[in-house]
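Just so you know, these numbers come straight off a predicted model, no measurement behind them.
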Amino acid sequence: MLPLHSHPSGRHFLQIPGPTNVPDRVLRAIDHPTIDHRGPEFGELGKAVLAGMKKIFQTEADVIIYPASGTGAWEAALVNTMSPGNKVLMAETGHFATLWKRMAERLGLQVEFQAGDWRHGADPEQIRKRLAADDGREIKAVCVVHNETATGVISDVAAVRKAIDAAGHPALLMVDTISSLGSIDYRHDEWGADVTVAGSQKGMMLPPGLSFNAVSAKALEASKTAALPRSYWDWKEMLAINPRGYFPYTPATNLLYGLYEALEMLLGEGLENVFARHRRHGEATRRAVRAWGLEILCQKPEEYSPALTAVLMPEGHSADAFRKTVLTHYDMSLGQGLSKLADKVFRIGHLGDFNDLTLCGTLSGVEMGLKQAGVPHNAGGVQAALDYLAQTSRPRPDQAQAR
């Protein structure tokens with residue numbers, strides 16, 4: 001007789017801000033038999049996903065796909081454009097900005113880290129002043145995180161680009177969109193980014209395992225003289241063979257099947273509709289948090305993330321104990337606080353394959369968990385979200401933009 005194992009009924013609620021829930025149709029696509037990655041069928045797949053990713057980045061520039069996590073895309077951005085000892089300017093917006101900074105230091109770069117309180121985005125005016133004072137043009141790149149996954153704070157990438165231009169500085173602009181691409185409006189070309197970094201496991205609705213660089217002509221020119229060692233991450237090797245839909249080494253074939261399906265879903269819904277859906281769910285979540293009497297970590301409304309909300313715990317209460325209660329009693333995972341925010345915040349992910357009912361279930365689990373864990377709060381957060389959702393309309397399927 002087979003041993004019996006306890007298993008909760010229903011589906012686990014994975015409401016961390018990534019990896020996100022993978023849609024069934026994407027899972028089914030990944031389940032296809034593996035094909036010859038040098039054959040003609042794969043070449044067509046490769047060309048299709050590369051073209052589709054340009055639409056997601058809103059760019060005409062080259063897009064490169066790596067079999068890697070977003071960390072790999074960070075490294076690719078740096079090693080293809082920088083030389084040992086180069087100086088880069090980075091904005092401290094949270095845990096992931098800090099990790100990117102540590103990577104740059106390990107690669108032999110000099111990092112100037114503009115201090116932040118983890119409750120605000122990058123400060124364009126501070127960036128402008130520093131670049132204007134860089135008379136020797138020693139700073140070779142400005143690096144910012146578009147959506148800081150640890151804090152739920154957005155940085156204004158277009159304003160950072162304007163700040164660089166206002167200073168008349170030639171520095172490259174590198175942007176991490178790992179938790180924003182496919183969920184929050186991002187415009188690589190219009191906003192003047194030189195290298196945009198992304199990953200598959202958040203707004204792109206895939207498992208971890210693919211990462212991306214969108215690369216401007218200026219960045220490609222910089223790569224010709226960049227002297228940091230690179231082999232696996234070399235743009236030149238990729239771009240030599242990508243136009244035919246192929247890769248210089250074995251790609252993540254089945255994840256590319258899933259990427260094709262995810263692109264069909266995002267572009268079929270229409271990017272503007274996707275972004276509007278995320279903004280609406282973000283606002284509903286924040287209304288719930290305020291109704292509970294809890295504090296949102298992000299302090300400026302214009303910097304609120306549509307992809308996730310980080311919530312501060314009341315003084316004397318453990319965010320991790322609360323998260324454990326929610327997992328134990330309601331089979332739902334919430335995001336933990338990272339590094340300096342450890343045990344101080346919990347994060348509600350509302351991005352990816354997400355709809356009104358998923359949000360309502362998520363917020364219900366949070367409200368029940370607050371009561372179960374004995375966290376001081378007001379009742380009615382879920383109702384506040386429900387009222388907002390009822391008052392606002394969802395984009396209709398027939399409003400989707402043409403692919």
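- Every side chain to side chain contact (heavy atoms under 4.5 Å, CB included) that R279 has, sequence neighbours left out, goes to F275, A276, P306.
- Between K218 and E221 there is no salt bridge, since none of the side-chain N atoms of the basic residue sits less than 4.0 Å from a carboxylate O of the acidic one.
- Side-chain atoms of D353 and T20 form no donor-acceptor pair, as typed in the model, at a separation below 3.5 Å.
- Under a cut-off of 6.0 angstrom, the local environment of CD in E315 is sparse, with at most 12 non-hydrogen atoms contributed by other residues, nucleotides or ligands.
- For the side chain to side chain contact (heavy atoms under 4.5 Å, CB included) with V326, the lone residue among D331, L334, L370 that qualifies is L334.
- Of the inter-residue distances, the one linking K236 atom NZ with R230 atom CZ reads 9.0 Å to the nearest 0.5 angstrom.
- The number of heavy atoms from other shown groups lying within 6.0 Å of NZ (K54) is above 12.
- Under the ring-ring contact (aromatic ring centres under 6.0 Å, His included) criterion, the residue pairs touching residues 75-106 are W74-W100, with sequence neighbours excluded.
- To the nearest 0.5 Å, atoms NE2 (H281) and OG1 (T309) are separated by 12.0 Å.
- With rounding to the nearest 0.5 angstrom, the OG atom of S183 is 10.0 Å from the CE atom of M204.
- Ionic pairing of D320 and R323 is present here: one or more N-O contacts between side-chain nitrogen and carboxylate oxygen are shorter than 4.0 angstrom.
- Under the 3.5 Å distance criterion, with hydrogens and angles disregarded, no donor-acceptor pair is assigned to the side chains of S223 and N80.
- Counting heavy atoms of neighbouring residues, nucleotides and ligands inside a 6.0 Å radius, atom OH of Y260 does not exceed 12 of them.
- Taking both residues in full, the closest heavy atoms of A319 and V345 are given as CB-O, 3.2 Å, listed atom of the first, atom of the second, then distance.
- Taking CG from L228 and CG from L109, the interatomic distance works out to 5.5 Å, rounded to the nearest 0.5 Å.
- The minimum heavy-atom distance between H146 and I184, with the atom names listed, is CE1-CG2, 3.9 Å.
- A donor-acceptor distance shorter than 3.5 angstrom exists from the side chain of N242 to the backbone of Y246, with no hydrogens or angles considered.
- The two atoms that bring A171 and R161 nearest to each other are O-NH2, 4.0 Å, heavy atoms only.
- When the shell of 6.0 Å around NZ of K340 is examined, it contains more than 12 heavy atoms from other residues, nucleotides or ligands.
- Judged purely by atom type and a 3.5 angstrom limit, E148 has no side-chain atom pairing as donor or acceptor with the backbone of G121.
- With respect to the salt-bridge test (charged N to carboxylate O, under 4.0 angstrom), the residues E283 and R280 do not qualify.
- Atom CZ of R11 is surrounded by 12 or fewer heavy atoms from other residues, nucleotides or ligands within 6.0 Å.
- For the side-chain hydrogen bond (donor to acceptor under 3.5 Å, both in side chains) test, residues two or more places apart in sequence or in another chain that qualify with R290 are Y304.
- Judged purely by atom type and a 3.5 angstrom limit, S179 uses its side chain to pair as donor or acceptor with the backbone of N147.
- A 6.0 Å sphere centred on CZ of R102 holds no more than 12 heavy atoms belonging to other residues, nucleotides or ligands.
- Remark: E269 engages R277 in a salt bridge, criterion side-chain N to carboxylate O under 4.0 Å.
- Separation of atoms CZ (R347) and OG1 (T149) is listed at 7.0 Å; rounding is to 0.5 Å.
- Between W292 and V382, the closest heavy-atom pair is NE1-N, 4.2 Å.
- In terms of the side chain to side chain contact (heavy atoms under 4.5 Å, CB included) criterion, residue partners of Q299 (sequence neighbours excluded) are, by chain and number, D117, R119, H120.
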Side-chain polar contacts of residues 44-53 - donor-acceptor pairs under 3.5 angstrom, sequence neighbours left out - could you list them?
| residue | atom | partner | partner atom | Å |
| --- | --- | --- | --- | --- |
| E44 | OE2 | K47 | NZ | 3.2 |

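- Using the six-membered ring where Trp is involved, F212 and F57 have ring planes that are perpendicular, over 60° apart on the 30 and 60° scheme.
- I56 and G182 make their closest contact through CG2-N, 4.2 Å (heavy atoms, listed as atom of the first residue, atom of the second, distance).
- Separation of atoms CD1 (I296) and OG (S305) is listed at 11.5 Å; rounding is to 0.5 Å.
- The minimum heavy-atom distance between A68 and W233, with the atom names listed, is CB-CH2, 3.7 Å.
- Annotation: E112, atom CD; neighbour count of heavy atoms from other residues, nucleotides and ligands within 6.0 Å is above 12.
- N355 and T358 share a donor-acceptor pair across their side chains, judged by distance under 3.5 Å alone.
- Applying the side chain to side chain contact (heavy atoms under 4.5 Å, CB included) test to Q201 and every residue at least two apart in sequence or in another chain returns P19, I178, P208.
- Counting non-hydrogen atoms of other residues, nucleotides and ligands closer than 6.0 Å to CD of E105 gives a total above 12.
- A donor atom on one side chain and an acceptor atom on the other are found under 3.5 Å apart for Q383 and D387.
- Applying the side chain to side chain contact (heavy atoms under 4.5 Å, CB included) test between S216 and each of L173, T59, D194 identifies D194 as the sole match.
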